[in-house]
Amino acid sequence: MATICILEDDKNFSVPLASEFKQHGHKALICTSGREAHAAIDRGGIDLVVVDGLLPDTNGIAWIGELRARDSRIPVVFVSSFWRDLKSYQTLTQDLGVVLVVHKPVSAVVLAGQIGQLLPKVQPDAPVPAAIDREFEELCLEFRESLHPVVKELGEAVRKLLEAGYMEPDVVHARVLVHNIRGTARSYGLPAVGDAAALLEDALVSLMEKPADQARIRVIPDLFRTFADAARLPCPQPAPALSHRSSVQTLLIVADPAGATAPAAAAVAEETGFTPVISGSAEEAAAFMEGGSRPSALMIDLDHLDASARQSIRELTAQCGGLPVLLSGSDGNLQNRIDAVHLGAVRFLEKPLDADRMRESMRQIRETASAGSAPVLIVDDDEQFLNLAASVLSRNGFSTYALSSTANLMEVLAQVRPELLILDILMPGISGFDICKMLRQSTAWRNLPVIVTTALTGLDVRVAAFKAGADDYLTKPFVDEELLARIQVRLDRARLEREMAERDSLTGLLLRRPFVTSAQAAIADARRTGRPLSICLIDVDHFKKVNDQRGHLAGDRVLSGFGRLLQSRFRREDLRGRWGGEEFAIVLPGQDVVTSAQAISRFLEEFSAMIFTDDLGNEFTCTFSGGVAALGYDGATLEDLIKTADNRLYCAKAGGRRQIVSMGGSTTSQPEPDGPDSLQLPHDSKLLVPAAIC
Ligand code: GH3
Ligand code: MG
């Protein structure tokens, strides 16, 4: 839970926003003047401030300036109807360290959602980055040192278990040792150690329940070895903490001289959760980035650009190294398309801009960018190269893992689950070529991007690398920028391909198969940790009528609007998929049935208010019905939960549609007195708790 100060004199904006924060479990404090907000911050306990652009006693930028002059590093979100130009944006993000710039009008729900995503990442009064690095390094080293005796002690305990059989005090002691590591390893940047400790602890607990079970004893040595190997992996370097680029999703729009497309593009960018910043020319945009800013994506209009302006754009995109680029132009002619290829554009959008196509592109970019710092594994027997490459990558925000021998490569791959592998060619034992060939034959790692590195030069080596299945090739010694650019390009491409293979193009939601895979993993996780989990099946009401009366295209627009709204609601970890036709599924990890039903009924309220237009220009609205099932109460597998949710969906339809049914006859637990049946729902909609309806 965080405490958020809202500095805003307009109650119509601050009150709904405060109420959204409260619904997300945060505290909100509304201040109507700059003086009042300074006083609140001086009292302490504020984690983030939302600042309006115009205030009764000052303006937002001046107020933030005062805040920084008072030496406060509290994260600030700036919300305003002004300051959309590049220079103001630069002042806000670079000089004043604002973590998010949002333009009004913005709905309270969307803004609270955006800020909610920032909250876990922001740290009030964070120490300076250099100090964080040093402190982190020291702590990490200390922690790693402390792992050696634990590994030794555990090894001893495992040996005794195998030789002398089960002895309760020894197993209990071993469990306490791994339990402590399970809780702390991740915080020290060693997720693989934490995960291995978690598996080992679970196995020990299960053994304590059935000490005579030989099968439960047999798994212990393997799990211990995995843990011991993970504990030996080199410590990843800390990522710099100063960057705000991962949290702020910015679309830098290089407008055409006529400025015709920029407002429309900015509107779509905002709708899809980006902060648009408009620059008048490629030179201005380049200067912006030279100042250290890096947007999440670039949108460039090619119209009216002569050859030299196109060259500046090329330099700009090269400077951005792998940043997603969208190009627009009135003419999809060959020259524009060739330029798009040279500029590495993810998409060419022909003008007039089709809002749906642009939305789809922005959504893809957001998904790939928000995937966070990618884990990268470097395998090289040359420790010096290993350390150097690891430090370059860590400093640039990658989660870096380094391995100096190939002996346990497969185990490390399984633990780290890298998004990219940097592989040396000449290593003792097995060569990088052979590893590459082997990975291409394995189902799990077939598509893993691999960059091979070697001091060898020459065409035959390069050809052999590509024949072995490598995606790219880098000669040693490398230049930092080249290494980073090559990695970024490979990562972006792999993420985009994954996205396209897993997502339904109409709604942007997960297709059924990847949804099922992720849902099963979420269920396994919930069962392991004992956290609640709910599933909801949703079906659009009378959709056949929409198609018949409004036209198939209007029907498609309803589904795409539904998908867009669903994407922008709920938490990042909630899974959203198109189950088929006009049926959708949501998995809400960590949420019980009551909270889930509340969230979905709020979503129903919003969807019911969405206005669609048919081919004749007539407006209409749609509704949906839903059935919710909870892990534990309604079953232990995805199949059970879907079946129950489907039965309840049927009840919702039978009960008159436009409602969510969250508990049925098969549920053994009774709803809470203030449970689902007392929810506030859209007018003429109900949330049922009946056994008798179906
Ligand atoms: P109910 O309220 O009982 O769910 O009735 P319904 O009309 O929504 O359900 P029904 O199953 O009778 O019709 C669903 C229709 O959805 C039939 C199918 O053609 C249409 N549909 C499925 N996928 C798409 C799609 O991608 N686009 C469009 N436009 N229609 C689709
Ligand atoms: Mg339907």
Side-chain angles (χ1 to χ4, degrees), residues 143-235 377 401 403 405-418 429 438 442-445 517 520-533 589 631-632 635-640:
F143 178 73
R144 285 182 55 76
E145 289 302 318
S146 74
L147 287 178
H148 299 312
V150 174
V151 170
K152 214 168 150 211
E153 233 179 304
L154 277 173
E156 202 47 36
V158 173
R159 196 185 52 78
K160 264 170 87 180
L161 176 70
L162 295 179
E163 283 172 17
Y166 181 88
M167 273 185 284
E168 180 149 6
D170 289 351
V171 176
V172 170
H173 178 62
R175 191 243 160 139
V176 171
L177 287 176
V178 277
H179 179 79
N180 293 339
I181 290 164
R182 174 187 197 159
T184 45
R186 205 164 266 277
S187 322
Y188 288 115
L190 298 169
V193 177
D195 291 348
L199 289 173
L200 183 54
E201 186 191 3
D202 289 350
L204 289 170
V205 169
S206 138
L207 178 64
M208 280 151 73
E209 282 161 9
K210 255 194 173 178
D213 188 341
Q214 285 307 309
R216 292 183 192 210
I217 294 182
R218 274 198 301 276
V219 297
I220 304 277
D222 270 344
L223 291 175
F224 165 71
R225 257 195 302 280
T226 310
F227 168 74
D229 288 344
R232 273 195 285 273
L233 281 179
C235 185
L377 176 65
Y401 297 87
L403 196 62
S405 131
T406 52
N408 48 3
L409 175 66
M410 295 320 279
E411 290 84 347
V412 175
L413 280 174
Q415 283 163 33
V416 172
R417 305 211 67 79
M438 187 182 73
S442 83
T443 327
W445 305 111
T517 310
Q520 275 165 339
I523 288 172
D525 201 43
R527 285 173 57 179
R528 195 170 49 77
T529 56
R531 288 177 79 213
L533 176 145
L631 183 68
T637 64
L638 179 64
E639 210 183 342
D640 295 342

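As a basis for the values below, the full set of heavy atoms in this structure was taken, side chains included, without hydrogen atoms, waters or symmetry mates. A quick note: this is a predicted structure, and the numbers were derived from the prediction, not measured. We count residues from 1, following the sequence as given.
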Participant: Considering non-hydrogen atoms only, spot the tightest contact between Gln415 and Ala230 and give its length.
Facilitator: OE1-CB, 3.4 Å

Participant: State, with a plain yes or no, whether a side-chain heavy atom of Leu403 is found less than 4.5 Å away from one of Asn408.
Facilitator: yes

Participant: Check Ile217 against Pro211 and note the closest heavy-atom contact, atom names and distance.
Facilitator: CD1-O, 4.0 Å

Participant: Would you name the heavy atoms of Tyr166 and Leu161 that are closest together and state the gap between them?
Facilitator: CA-CD1, 3.9 Å

Participant: May I ask you to check whether over 12 heavy atoms, not counting those of Arg527, lie within 6.0 Å of atom CZ?
Facilitator: no

Participant: So how far is it from Leu638 CG to Leu533 CG, rounded to the nearest 0.5 Å?
Facilitator: 9.5 Å

Participant: Once rounded to the nearest 0.5 Å, what's the spacing between atom CZ of Arg216 and atom CD of Glu209?
Facilitator: 6.5 Å

Participant: Listed by chain and number, what are the salt bridge (charged side-chain N to carboxylate O under 4.0 Å, His left out) partners of Asp525, not counting sequence neighbours?
Facilitator: Arg528

Participant: Is Val193 close to Leu147 at the side-chain level, that is, under 4.5 Å between some pair of heavy atoms?
Facilitator: yes

Participant: Any chance you could lay out the side-chain contact (heavy atoms from CB on, under 4.5 Å) test for Leu200 and Ile220, step after step, and finish with the verdict?
Facilitator: CA-CA 7 Å; Leu200 183 54; Ile220 304 277; 4.2 Å; yes

Participant: Side chains of Arg225 and Glu411: does their closest heavy-atom pair fall under 4.5 Å?
Facilitator: no

Participant: Tell me whether Thr406 contacts the main-chain N or O of Leu409 through its side chain, where contact means a donor paired with an acceptor under 3.5 Å.
Facilitator: no

Participant: Taking all non-hydrogen atoms of both residues, which atom of Ala526 and which atom of Leu631 are closest, and how far apart?
Facilitator: CB-CD2, 3.7 Å

Participant: Please name all residues satisfying side chain to side chain contact (heavy atoms under 4.5 Å, CB included) with Ala164, sequence neighbours left out, ordered by chain then number.
Facilitator: Met167

Participant: Find the distance between CG (Leu177) and CD (Glu201) and round it off to the nearest 0.5 Å.
Facilitator: 10.5 Å

Participant: Tell me, please, which residues at least two apart from Lys160 pass salt bridge (charged side-chain N to carboxylate O under 4.0 Å, His left out).
Facilitator: Asp170

Participant: Are any of the side-chain heavy atoms of Leu154 and Phe227 separated by less than 4.5 Å?
Facilitator: yes

